[in-house]
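We name chains A, B, ... by the order of the sequence lines, and we start the count at 1 in each one.
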There are 2 protein chains.
Amino acid sequence: MDKRATIKDVAEAAGVGVATVSRVLSGGSASPRTRERVLAVAAQLDYRPSALGRNLRQRRTGGMGLLVPDLTDTFHAQLAEGVLACARAAGEPVVLGSTAGDPEQESELIGMLLEQSVDRLIAVPSGDEDTWAPAIRAGMTVVFADRLPARPSSDEDDDPAATAVNDLMLLDGVSSGSRPRPLDAPSVVADDRAGIRTAVRYLRGLGHRRIAFLGGPGHDRRAAAFGAAVGAPVDEELVVFATGSRDSAYAAASGLFQSRPDLSAVVAGGNVLGEAAVLAARELDLRVPRDISLVMYDDVPWAELCSPPLTVIAQPGRDMGYRAAELVLRSGGRRPRGVMLPTELIIRGSCGPHRQ
Amino acid sequence: MDKRATIKDVAEAAGVGVATVSRVLSGGSASPRTRERVLAVAAQLDYRPSALGRNLRQRRTGGMGLLVPDLTDTFHAQLAEGVLACARAAGEPVVLGSTAGDPEQESELIGMLLEQSVDRLIAVPSGDEDTWAPAIRAGMTVVFADRLPARPSSDEDDDPAATAVNDLMLLDGVSSGSRPRPLDAPSVVADDRAGIRTAVRYLRGLGHRRIAFLGGPGHDRRAAAFGAAVGAPVDEELVVFATGSRDSAYAAASGLFQSRPDLSAVVAGGNVLGEAAVLAARELDLRVPRDISLVMYDDVPWAELCSPPLTVIAQPGRDMGYRAAELVLRSGGRRPRGVMLPTELIIRGSCGPHRQ
DNA sequence: CTTGTCCATGGAAACGATTCCATCATGCTT
DNA sequence: AAGCATGATGGAATCGTTTCCATGGACAAG
């Protein structure tokens with residue numbers, strides 16, 4: 001009914017021009033007298049500048065986009081909470097999208113954000129670099145969180161492990177140059193290599209030799225780190241990938257347990273995979289940690305609820321989100337190359353000594 | 001670099017006026033010949049209309065806001081996924097905010113949305129009706145999900161005049177009683193009364209007589225339903241409330257178990273409370289279900305992981321989000337009064353017969 | 001006293017869409 | 001054949017803000 005006051009209303013009521021009001025409100029120069037009057041009138045009229053007008057004029061929307069594969073994955077929820085906390089502190093809106101791990105939906109959402117002139121984006125990417133190139137080319141400031149887009153599928157070498165090794169080398173700056181450079185976007189990731197390595201060493205210290213890795217989409221780095229930590233001849237059957245869904249994760253875990261009864265320990269690459277592993281183990285009457293030891297990547301509240309409580313590799317999900325938001329907001333001028341946060345092995349009760 | 005094409009570019013390239021382009025693109029009338037040419041040119045220029053211009057002209061932003069207390073509460077994540085699914089289908093953006101259960105933050109976020117001219121909002125409210133009245137008065141279409149805002153705290157020292165004014169604004173018809181009518185906003189809730197009733201009956205059927213309710217913010221309805229189901233003289237010590245945080249939930253659960261050793265069953269009002277109950281029980285060496293039976297409101301993936309798996313009252317979180325989004329989008333003309341979705345008691349293993 | 005500098009200020013032009021309205025051509029009715 | 005209805009079309013106004021630029025006054029230096 002009573003539509004909001006515009007800058008024009010304020011200007012008239014204060015007996016000044018709109019330009020002056022705009023200047024006062026955005027910190028420009030004005031005489032103390034004028035400033036005071038304008039502020040008083042604005043407050044009295046409960047004037048709030050419309051983001052619409054400003055955005056159109058400045059040809060960009062404030063705030064940021066956030067794209068995650070699945071909010072019911074607790075890690076993504078933690079990440080999102082971190083992003084929201086930072087955005088709230090800055091008074092900026094966050095436009096959220098969930099991609100279900102599908103590059104096509106991801107592309108569509110990028111398009112939607114482009115249409116909204118949202119030019120800052122935080123993403124846990126599902127698509128590969130080809131999916132992301134358009135966004136960056138369109139001038140978006142993109143910060144990747146948790147993982148980087150995969151290299152474009154170059155037909156013959158779509159072996160995840162091999163691709164991951166490539167990523168790893170490139171990240172370390174050891175790239176020998178035949179592949180194109182990664183996209184020019186900073187990232188906030190956890191040091192999952194170290195986390196996985198620590199976990200594998202821990203398991204080996206307990207006597208485990210047949211250790212499997214249960215991964216999901218985007219866990220290539222972790223799989224590669226697993227391979228490196230386990231040692232040279234990796235039994236390929238022991239590295240299993242699921243697609244994003246819980247069903248697929250369960251099927252992968254169950255299949256792994258059934259096909260490899262010699263298995264004595266599993267590293268799950270994420271909390272959804274860990275969940276599936278616990279479920280599948282119970283279904284097959286495998287006792288944790290008596291029959292099988294389990295380490296899960298991601299610390300989530302329910303990890304403590306399992307019996308026994310799950311030993312996990314914790315990564316600071318909330319912090320990662322917060323840092324990513326900081327990065328994408330302070331994109332003035334130079335962008336730092338990226339941030340890597342530490343992981344921590346939290347030993348609870350899901351790993352025991354190897355028994356033959 | 002290469003900024004996006006505007007409607008003017010398309011118009012020039014197609015040799016028509018901007019009005020014609022606009023009409024063609026938004027389904028207005030145009031001759032087949034013109035339509036074809038405009039569409040061809042638009043496609044060739046990769047033209048995408050800017051939401052900024054449209055929104056300013058129409059004085060409203062498309063899409064919707066979504067306010068939840070905490071995304072790491074799995075139920076809220078499910079709800080959000082539902083909202084996002086519907087929004088994606090409609091091609092509309094979703095602006096997300098998390099309130100941490102704090103009415104003040106909620107108010108600020110409402111203000112931010114108002115500034116963005118987001119005039120559709122789905123909320124799991126934390127504040128009371130006084131918090132929400134401004135949003136509705138400002139013309140927002142609000143749909144509440146999961147719960148309704150509490151009645152305003154009618155403190156005895158409230159300024160009578162102010163209260164009267166408030167009442168007047170809230171009233172949308174003739175006031176027949178002393179209380180103002182609820183806010184005029186539809187809602188999507190689960191039939192938690194029935195769910196709680198079923199759970200209590202189930203527990204009583206197992207022989208339990210000392211049953212407690214462990215609630216969190218916004219669980220008043222559930223607490224009331226619990227009281228009604230348990231029967232007339234409700235032991236007030238057996239209805240305990242926590243604030244939003246996990247720590248508070250744990251403290252409440254732990255305190256309850258310690259102060260009432262005669263307790264034989266607990267109904268947790270939400271998954272965060274259930275989590276706390278499991279944790280507190282384990283800490284105090286109470287075995288579930290031997291020493292204490294537990295029913296948790298909300299079905300979440302990890303409920304099956306506990307040992308024993310948790311008996312839960314399931315509510316369709318994702319559906320609720322989807323329905324709420326539908327409701328807020330199809331707000332053309334009449335709004336249905338609200339939707340209530342069924343709950344279901346899923347019996348797993350956390351309840352056993354009462355043993356003295 | 002004049003000239004030049006420096007602010008404060010307001011008018012007006014963007015920004016990119018939608019939409020009202022006037023114009024014009026076409027085809028039909030009388 | 002004239003008048004009228006219909007439909008396609010483009011010009012221009014509009015949304016609310018920021019920002020460029022011109023104006024005018026005050027004050028200091030010459």
Of the nucleotides D/dT9, C/dG10, D/dT17, which one has an atom closest to the side chain of B/A30?
D/dT9

For A/P125, does its backbone N or O pair with a side-chain atom of A/R147 as donor and acceptor, under 3.5 Å?
yes

Rounded to whole angstroms, how far apart are CG on B/D9 and P on C/dA17?
9 Å

Rounded distance in Å - CG (A/L56) to P (D/dT14):
16 Å

Between CD of A/E12 and P of D/dG16 the distance, given in whole Å, is 13 Å

Return the value, rounded to whole Å, for the distance between atom CD1 of A/I7 and atom C1' of C/dA12.
14 Å

Looking only at heavy atoms, what is the nearest atom pair of B/L109 and B/S98, with distance?
CD1-O, 3.7 Å

Please report the distance, rounded to the nearest Å, between CG in A/L114 and C1' in C/dG16.
15 Å

Classify A/L52 by what it touches in the nucleic acid, base, sugar-phosphate, or nothing, heavy-atom distance under 4.0 Å.
nothing

C/dA8 C1' sits how many Å from A/R33 CZ, rounded?
13 Å

Just N and O in the side chain of A/R54: are any of them under 4.0 Å from OP1 or OP2 of D/dT18?
yes

A/S29 side chain N/O closer than 4.0 Å to the phosphate oxygens (OP1, OP2) of C/dA8?
yes

Go nucleotide by nucleotide along DNA chain D from the 5' end; which of B/R59 and B/P32 gets its closest nucleotide reached first?
B/P32

Check whether any side-chain heavy atom of A/M140 lies under 4.5 Å from a side-chain heavy atom of A/L113, and answer yes or no.
yes

To the nearest 0.5 Å, how far apart are CZ in A/R59 and OG in A/S117?
9.5 Å

Touch check for B/A19, heavy atoms < 4.0 angstrom, all strands: base, sugar-phosphate only, or nothing?
base

Can you find an N or O donor on one side and an acceptor on the other, under 3.5 Å apart, linking the side chain of B/R57 with the base of C/dT18?
yes

Around atom CD of A/E36, are there more than 12 heavy atoms of other residues, nucleotides or ligands at under 6.0 Å?
no

Any heavy-atom pair between the side chains of B/L121 and B/V118 that's under 4.5 Å?
no

Are B/T6 and C/dC15 close enough that a side-chain N or O sits under 4.0 Å from OP1 or OP2?
no

Side-chain N or O of A/S22 closer than 4.0 Å to phosphate OP1/OP2 of D/dT17
no

If you look at every strand shown and take non-hydrogen atoms under 4.0 Å, does B/S26 touch a base, only sugar-phosphate, or nothing?
nothing

Hey, which of these two, B/V18 or A/V18, hits DNA chain D nearer its 5' end, going by closest nucleotide?
B/V18

Suppose we call a contact any N or O donor and acceptor under 3.5 Å apart; does that hold for the side chain of A/R23 and the base of C/dG10?
yes

A/S31 side-chain N/O to C/dT9 phosphate OP1/OP2 under 4.0 Å:
yes

Rounded distance in Å - CG (B/L25) to P (C/dT19):
13 Å

Any base atoms under 4.0 Å from A/G17, or only sugar-phosphate, or nothing? Heavy atoms, all strands.
sugar-phosphate

Rounded to whole Å, CD of B/Q58 lies from P of C/dA17 at a distance of 12 Å

